[in-house]
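Heads up: the structure comes next, in structure tokens.
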Amino acid sequence: MEKEVKCPWCGEIAAPELRIFHGDYGEVKERRCPKCNSILAAYLNKERPGLERVRTFNDCS
């Protein structure tokens, strides 16, 4: 089970729902608030050729 977080959109504390789907650039992992269904995070699960030059930021916590 995922760690509970505070949703910046509705202010409720809950464990995000993980959804995985295939987008235009590959497999996307998306975390949504179960209360208001707003997106908390979304990122590519696998690298696609040509995207290695795109700058990414790591979580510093």
Side-chain angles (χ1 to χ4, degrees):
M1 185 161 178
E2 296 225 20
K3 178 181 167 184
E4 289 189 339
V5 296
K6 183 176 180 181
C7 175
W9 308 109
C10 68
E12 297 289 328
I13 296 175
E17 294 177 347
L18 176 65
R19 297 178 186 174
I20 300 174
F21 62 92
H22 295 280
D24 294 339
Y25 298 103
E27 190 176 74
V28 177
K29 279 189 175 180
E30 180 181 83
R31 286 184 169 75
R32 287 185 173 261
C33 174
K35 308 275 182 174
C36 67
N37 204 34
S38 296
I39 296 174
L40 301 176
Y43 53 92
L44 286 175
N45 193 27
K46 296 182 181 177
E47 295 296 324
R48 180 175 171 190
L51 292 179
E52 61 272 356
R53 292 186 306 256
V54 175
R55 183 175 294 195
T56 59
F57 297 94
N58 296 328
D59 185 15
C60 297
S61 57

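Starting from 1, each residue takes its place in the sequence as its number. Since we're looking at a predicted model, the values are computed, not measured.
- Without hydrogens or angle criteria, Trp9 side chain to Leu40 main chain gives no donor-acceptor distance under 3.5 Å.
- Not one N or O on the side chain of Arg19 forms a donor-acceptor pair closer than 3.5 Å with the backbone of Glu30.
- Between atom SG of residue Cys33 and atom CD of residue Glu12 there is a gap of 7.5 Å, rounded to the nearest 0.5 Å.
- For the pair Val28 and Ile20, the minimum side-chain heavy-atom distance is 4.5 Å or more.
- Rounding to the nearest 0.5 Å gives a distance of 13.0 Å between NZ of Lys29 and CZ of Phe21.
- Of all heavy-atom pairs between Arg31 and Pro16, the closest is CB-CB, 4.0 Å.
- Counting all heavy atoms, side chain and backbone alike, Lys35 lies closest to Ala14 at CE-CB, 4.1 Å.
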